[in-house]
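Side chains are part of it too, since the values below use all heavy atoms of this structure and drop only hydrogens, waters and symmetry mates. Chain A is the first sequence line, chain B the second, and so forth, proteins listed ahead of strands; every chain is numbered from 1.
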Amino acid sequence: MKVSIFNTMSRSIEQFEPLSADTVRMYCCGPTVYNFAHIGNLRTYVFEDILRKTLEYAGYRVEHVMNVTDVGHLTDDADDGIDKMVKSSQEMGKDVYEIARFYTDAFFKDIDELNIARPTVTCHATEHIGDMIELIKRLEKNGHTYFAGGNVYFSIDTFPQYGNLAKLNLEDLRSGARINVDPNKRNPKDFVLWFTNSKFERQAMLWDSPWGIGYPGWHIECSAMSMKYLGESFDIHCGGIDHIPVHHTNEIAQSEAATGKQWVSYWVHGEFLINDTGKMSKSKGSFLTLQLLKEKGFDPVDYRYFCLGGHYRSQLQFSWDSMQSARNARLNLFQRIVSLRKETKDQNIKNLGAAEKYVQLFENHMAQDMNAPRALAELWSMLKDPELAATEKLAGALRMDSILSLGLKNISIDTDEDEIPQEILDLVEERRIAKVQKNYARADQLRAIVEKAGYQLKDTPENSIVVRICNQMHK
RNA sequence: GGUGCCGUACCCAAGUGGUAAGGGACAGGUCUGCAAAACCUCUAUGCACCGGUUCGAAUCCGGUCGGCACCUCCA
């Protein structure tokens, strides 16, 4: 299986070829842990997981590195504002490291619940300050930095390819630059590598460095850590689309200026999740978390399914209606798997047989820039094809799920018949008698009572089955 | 103001020149005392609008209207 992927650098779909034959080295920008991740953030991690699993499906071993930014980033401009970590710690009255720990744990809980594979390496910025300092020293030696107003800056004029990724037109940008530019900058697009002097109200995290006590600029961690774990040149770097113009642009500049080599081969970016107010952000008051979805009765996997319904490079419109339809779809899908399991009990489900052609189509769609919506459609077509045997459908579905990761292999046929209270069973028995006596008015009345108690009755030719209504959504 | 993306059925959403995937919802059917569940079937001669290129356009070109994103921390 040959994988093709859209490379932001060339703005075109390219055939993927890793630097080394069978290993893919991939770096993903991780969370800044001063708050909970919202479902828009989470969409990006779902997409990265799909990318990783598609590559693994194609036979590659994937070294997947993700950073956790536990050093403060600034609230607004790179020269002003309150450190986000400090701000959050002030609000919660906790130590900055406690805050980072708390939100890091919350983040990985979300990741796990979404069936996103953990990175092979997770690296924390605060544990790599030394690596960042070494990188800045290297840049200094190569003449790409200058010291002004207490801070070390990267000079973009020493790096002619600056802005290639974002296709930035530097002339235009310069003329349209904001008013409050840091007067120490030689070029408005220069950025800080190391701060010893900032306008922070309070700075909780400080480290010693050749330039004085301070803290690193916010782009340097990704360069330093990715090169530490993946080498000076690696295959894939991904993140949200918003990182193209500033963060990734600056990362490229400082990385390649330091090594003199091409840093990353493929840049892969995921689009935003949008709701009726536009981009999801806390300031707009539309900060939806996975926790909130759960409180509303959704399973985290419903959200994963929802994400798979749209292509990763298209904006995806979130609404509660869409979320509901994703849940229904997922429930229907699970129901089909349960039926197949029952039908194929004790049978060998290893062979794809006639499901092969659907798996083939599925692979093609995933291999062609990860067209998950198309791939999902193949899953449905396969399940609905009357020509296929149940074992073949099940084998095909499980194969596809190695990328989709909806948890199909964990679905058991023991439909959790957890204890139904005796009083409910008594009502059911009373209804059975009423039915035998053809007292249907009484039977309907009893069913209404049972339903009100949260149970649903399903009459079959033999007997009546009772299920807890709210249990169904979680299976 | 500058740059880019998008506008497909009731909703979400694929589809970049060859005659509109898929899911949800709705409706109908089988089944049922009636339901529920399950299963089956159906839903765009048309892809914002206008004009053009072409044997052929949702797909290419021009224009109009509308939406979104980026240019500033942001997945």
Side-chain angles (χ1 to χ4, degrees), chain A residues 11 28-32 34-35 37-48 72-84 166-169 172-173 175-178 180-181 218 238-247 269-283 305-306 308-333 335-336 338-339 361 365 371-381 384 386 434-435 438-441 443-444 447-448 451 456-461 464-465 467 469 472:
Chain A
R11 304 291 150 110
C28 300
C29 284
T32 300
Y34 63 92
N35 205 334
H38 64 237
I39 58 174
N41 300 133
L42 262 14
R43 182 190 181 196
T44 299
Y45 299 104
V46 169
F47 128 70
E48 289 165 350
H73 277 183
L74 304 171
T75 46
D76 37 48
D77 192 75
D79 317 299
D80 199 357
I82 308 173
D83 183 302
K84 280 175 178 171
K167 307 239 179 290
L168 297 180
N169 181 331
D172 286 357
L173 284 174
S175 57
R178 290 291 176 103
N180 51 348
V181 175
W218 72 281
C238 37
I241 196 167
D242 54 313
H243 279 151
I244 298 169
V246 179
H247 187 49
H269 295 96
E271 252 292 359
F272 277 131
L273 179 76
I274 299 296
N275 63 15
D276 47 12
T277 64
K279 186 175 81 173
M280 192 163 294
S281 66
K282 198 176 189 184
S283 54
Y305 187 97
F306 171 78
L308 262 29
H311 191 267
Y312 80 95
R313 282 195 291 116
S314 297
Q315 290 180 354
L316 182 58
Q317 187 72 39
F318 179 85
S319 71
W320 292 108
D321 274 357
S322 305
M323 199 54 221
Q324 181 65 49
S325 78
R327 166 163 66 187
N328 290 343
R330 201 215 98 225
L331 249 18
N332 289 158
L333 175 63
Q335 193 52 54
R336 280 176 185 269
V338 168
S339 302
L361 290 167
H365 287 128
N371 194 329
R374 270 285 184 189
L376 210 48
E378 295 303 339
L379 171 60
W380 281 103
S381 302
K384 290 188 170 183
K435 278 181 67 182
K438 297 202 188 296
N439 183 355
Y440 296 123
D444 289 349
R447 179 168 58 207
E451 281 181 357
Q456 190 174 60
L457 282 171
K458 300 178 185 180
D459 290 347
T460 70
S464 297
I465 296 169
V467 289
I469 291 169
Q472 295 190 297

Name the pairs: protein N/O against N/O of nucleotides 26-28 of chain B, kept only if under 3.5 Å.
none

Ala434(A): which residues meet the side-chain contact (heavy atoms from CB on, under 4.5 Å) condition with it, sequence neighbours left out?
Asn439(A), Arg442(A), Ala443(A)

With Asp321(A) via salt bridge (Lys or Arg N to Asp or Glu O under 4.0 Å) - residues at least two apart
none

What N/O pairs connect the protein and nucleotides 18-25 of chain B at under 3.5 Å? Give each pair on its own line.
residue, atom, partner, partner atom, Å
G23(B), OP1, Lys384(A), NZ, 2.6
G24(B), OP1, Asn332(A), OD1, 2.6
G24(B), O3', Asn328(A), ND2, 3.2
A25(B), OP1, Asn328(A), ND2, 3.2

Under the side-chain hydrogen bond (donor to acceptor under 3.5 Å, both in side chains) test, residues paired with Ser325(A) that sit two or more places apart:
none

For Asn371(A), what residues pass the side-chain contact (heavy atoms from CB on, under 4.5 Å) criterion, not counting sequence neighbours?
His311(A), His365(A), Pro373(A), Arg374(A)

By side-chain hydrogen bond (donor to acceptor under 3.5 Å, both in side chains), Gln315(A) pairs with (sequence neighbours left out) none

Under 3.5 Å between N/O atoms: give me all the protein pairs with nucleotides 8-10 of chain B, atom names plus distance.
none

Partner residues of Ser319(A) under the side-chain hydrogen bond (donor to acceptor under 3.5 Å, both in side chains) criterion, sequence neighbours left out
Ser322(A)

Using ring-ring contact (aromatic ring centres under 6.0 Å, His included) as the criterion, list what pairs up with Tyr45(A), not counting sequence neighbours.
Phe107(A)

Contacts of Leu361(A) meeting side-chain contact (heavy atoms from CB on, under 4.5 Å) (sequence neighbours excluded), chain-then-number -> Glu378(A)

When you look for runs of 3 or more Watson-Crick or G-U pairs in a row, both distances below 3.5 Å, which of them include RNA chain B?
B:1-7 with B:65-71, B:10-12 with B:22-24, B:27-30 with B:38-41, B:48-52 with B:60-64

